[in-house]
Student: 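Provided herewith is a single structure, encoded as C-alpha cells, for subsequent inquiry.
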Number of protein chains: 2
Amino acid sequence: MKESALCPRLAKSMDLIGKRWMGLILYQLLDGPQRFNEIESSMPISGRLLSERLKELEKEGIVERHVYTEVPVRVEYTLTEKGQGLKGAIDEIENWSKRWL
Amino acid sequence: MKESALCPRLAKSMDLIGKRWMGLILYQLLDGPQRFNEIESSMPISGRLLSERLKELEKEGIVERHVYTEVPVRVEYTLTEKGQGLKGAIDEIENWSKRWL
DNA sequence: CTTACCACTTACTTTTCGTAACTAACTATA
DNA sequence: TATAGTTAGTTACGAAAAGTAAGTGGTAAG
C-alpha cells in the first residue's frame, strides 16, 4: 500500500487507528486496563482479530501487555502515554456521534 | 456485521469514518469543495473506491455532490454542516500524529 | 476520424475479515 | 484417574472488501 502525498503522518494515523475495531478497542482501554476477555466481550470482535489488533497497538507503543501468572493466567492491556494521547480524538468522535447520529 | 453493545452511536461513527481512506477524504474536503480528480490525486486511492466512499458519505449526509455541466463536466464535493462537525476529530488526530509519529 | 478530458464502471486478483474449532497450562470436581 | 472448566490465544477456511487496470459516455478540439 502506498502513502498519501499530503501529510504522511496523518495518513499513518488514519491507517492505524482507522483499522477495523481500533477505535472501539482504544475507547474501551480509555476506561482503564482491561484483560483480553473483557475487551472481547465488550464488542463483537473475534479472538483472532483482537489478538492481531492488540499486537499492532503494542508494536506501535500505544498499549502495553502485562502477564500475571495466576490460575488461570491473567493478561492485562494498558494504554501508554502515547495511547492516552488519543483520548481527545476519541472524545471528539463520540461527541460528534451524539450530535449527529 | 454485528454492533457493539457499549455505545452503538460511537460504534457506527467508527464503522463509517474508520473505513479505509475516509479520514483522508474528510481531511481533504475540510480544505473546501473539491472535484473528483482533486481528491483522487491527493492520495493513492483508486477511482473505484473513491466513487464508493463518496457515495457512502453522500448517503450519510456528510458530503453534497454538485454537478456543473461544463465541458468537460465538473463534479464538486462539499462537506455539509454534519461533515464540518468532524473537523474537531480530524484536527485531534492530526495533532496526535504530529506529537507522536 | 483520432485524441483528449473528466467522472465514473466493470472485470479480475489479492488482501483482510468472520466463524468456528482447536491448543496449552493449570485447577477443581467426581 | 478421568472429565470438565478456566483464560488467552492460534489455525484453517470461506466470504467480503480492497487493489489494479482497462473500458465507457459525453463533448470538443485538431
Side-chain angles (χ1 to χ4, degrees), chain A residues 1-5 11-26 28-29 32-60 62-79, chain B residues 1-6 11-26 28-29 32-60 63-79:
Chain A
M1 177 201 54
K2 287 168 278 181
E3 274 173 37
S4 165
K12 197 195 165 188
S13 300
M14 289 301 181
D15 219 58
L16 184 65
I17 71 175
K19 272 209 169 97
R20 185 119 215 240
W21 303 115
M22 279 297 197
L24 293 180
I25 292 170
L26 292 168
Q28 195 62 23
L29 289 175
Q34 312 240 343
R35 49 201 301 187
F36 193 90
N37 262 353
E38 290 181 286
I39 306 173
E40 194 178 13
S41 307
S42 70
M43 65 193 81
I45 193 177
S46 65
R48 182 182 88 62
L49 219 46
L50 179 56
S51 174
E52 200 173 299
R53 289 292 180 264
L54 288 169
K55 273 179 196 160
E56 296 176 76
L57 291 171
E58 198 188 351
K59 195 175 125 204
E60 291 293 329
I62 292 168
V63 308
E64 274 173 0
R65 180 174 183 269
H66 301 281
V67 181
Y68 302 91
T69 46
E70 304 169 354
V71 170
V73 68
R74 177 163 59 101
V75 181
E76 280 192 352
Y77 293 88
T78 313
L79 288 181
Chain B
M1 173 201 58
K2 286 168 279 180
E3 276 174 36
S4 166
L6 269 172
K12 197 196 165 186
S13 301
M14 289 300 181
D15 220 57
L16 183 65
I17 71 175
K19 272 212 170 94
R20 186 117 213 241
W21 303 114
M22 279 298 197
L24 293 181
I25 292 170
L26 293 169
Q28 196 60 25
L29 288 176
Q34 313 240 342
R35 49 200 299 186
F36 193 90
N37 263 352
E38 289 181 288
I39 306 172
E40 194 178 13
S41 307
S42 70
M43 65 193 80
I45 193 177
S46 65
R48 185 183 85 61
L49 219 46
L50 179 55
S51 172
E52 199 173 301
R53 289 293 182 264
L54 288 170
K55 273 179 197 160
E56 297 176 76
L57 291 172
E58 198 188 349
K59 193 174 127 204
E60 291 292 329
V63 308
E64 274 172 0
R65 182 173 183 269
H66 301 281
V67 182
Y68 302 89
T69 47
E70 302 168 357
V71 170
V73 68
R74 178 164 57 101
V75 181
E76 282 192 352
Y77 294 88
T78 312
L79 288 181

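For the numbers below, each heavy atom of this structure counts, side chains included, while hydrogens, waters and symmetry mates do not. The sequence lines fix the lettering, A, B, ..., with proteins before strands; numbering per chain opens at 1.
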Student: Using whole Å, what does the distance between atom C1' of nucleotide D/dT7 and atom CD of A/E76 come to?
Tutor: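 Taking atom C1' of D/dT7 as the reference, CD of A/E76 is at 13 Å.
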Student: Evaluate the side-chain proximity of A/L16 to A/I62: yes if any heavy-atom separation is below 4.5 Å, no if none is.
Tutor: yes
Student: Can you tell me how far P of D/dA8 sits from CD1 of A/I39, to the nearest Å?
Tutor: 9 Å
Student: Can you tell me the distance, in whole Å, between the CZ atom of B/R48 and the P atom of C/dT13?
Tutor: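 Value for this atom pair: 14 Å.
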Student: Let me check the geometry of the helix from C/dC1-D/dG30 to C/dA30-D/dT1. What is the bend angle between the axes at its two ends, five pairs each, to 10°?
Tutor: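 Between the first-five-pair axis and the last-five-pair axis there is 20°.
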Student: Among pairs that include at least one residue of residues 64-78 of chain A, which meet salt bridge (charged side-chain N to carboxylate O under 4.0 Å, His left out), considering only residues two or more places apart or in two chains?
Tutor: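 Residue pairs passing salt bridge (charged side-chain N to carboxylate O under 4.0 Å, His left out), neighbours aside: A/E70-A/R74, A/R74-A/E76.
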Student: What string of B, S and - do you get for nucleotides 1-6 of chain C 5' to 3' if you count protein non-hydrogen atoms under 4.0 Å?
Tutor: ----BS
Student: Which residues pass the salt bridge (Lys or Arg N to Asp or Glu O under 4.0 Å) test with A/R53, not counting sequence neighbours?
Tutor: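 Partners of A/R53 by the salt bridge (Lys or Arg N to Asp or Glu O under 4.0 Å) criterion, ordered by chain and then number, come out as A/E56.
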Student: Can you work out whether A/R53 or A/V71 has the more 5'-proximal nearest nucleotide on DNA chain C?
Tutor: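 It is A/R53, whose closest nucleotide lies nearer the 5' terminus.
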Student: For C/dT9, take OP1 and OP2 only and decide whether either is under 4.0 Å from a side-chain N or O of B/S51.
Tutor: yes
Student: Report yes if at least one side-chain N or O of A/W21 is closer than 4.0 Å to OP1 or OP2 of C/dG18; otherwise report no.
Tutor: yes
Student: Counting only side-chain N and O atoms of B/Y77, is one of them less than 4.0 Å from OP1 or OP2 of C/dC8?
Tutor: yes
Student: Excluding sequence neighbours, so at least two apart, what forms salt bridge (Lys or Arg N to Asp or Glu O under 4.0 Å) with B/K12?
Tutor: B/E60
Student: Between atom CD in A/E70 and atom C1' in C/dT27, what is the gap in whole Å?
Tutor: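 Rounding to the nearest Å, CD of A/E70 and C1' of C/dT27 are 14 Å apart.
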Student: Name each donor-acceptor pair under 3.5 Å that joins a side chain in residues 44-52 of chain A to protein atoms two or more places apart or in another chain, with its distance.
Tutor:
| from | atom 1 | to | atom 2 | distance (Å) |
| --- | --- | --- | --- | --- |
| A/S46 | OG | A/L49 | N | 3.4 |
| A/R48 | NH1 | A/E52 | OE1 | 3.0 |

Student: Please state whether the phosphate of C/dA7, meaning OP1 or OP2, lies under 4.0 angstrom from any side-chain nitrogen or oxygen of B/K55.
Tutor: no
Student: Between A/M22 (CE) and C/dT16 (P), how many Å, whole number?
Tutor: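 Rounding to the nearest Å, CE of A/M22 and P of C/dT16 are 13 Å apart.
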Student: Expressed as a whole number of angstroms, how long is the span from A/Q34:CD to D/dT7:P?
Tutor: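 Taking CD of A/Q34 and P of D/dT7, I get 15 Å after rounding.
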Student: Tell me the closest heavy-atom pair linking B/R35 and B/V73, and the distance in Å.
Tutor: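 Smallest interatomic distance, heavy atoms only, reads NH2-O, 3.5 Å.
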Student: Are the side chains of A/L54 and A/F36 in contact, using a 4.5 Å heavy-atom criterion?
Tutor: yes
Student: Considering all heavy atoms of both residues, which atom of B/S42 and which atom of B/Q28 are nearest to each other, and what is their separation?
Tutor: OG-CD, 3.4 Å
Student: Would you say that A/I39 contacts A/L29 through its side chain, given a criterion of any heavy-atom pair below 4.5 Å between the two side chains?
Tutor: yes
Student: Please report, rounded to the nearest Å, how far the C1' atom of D/dG19 is from the CE atom of B/M43.
Tutor: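 It works out to 16 Å between those atoms.
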Student: CG of A/L49 versus P of C/dA20: gap in Å, rounded?
Tutor: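 Atom-to-atom, A/L49 to C/dA20, this comes out as 15 Å.
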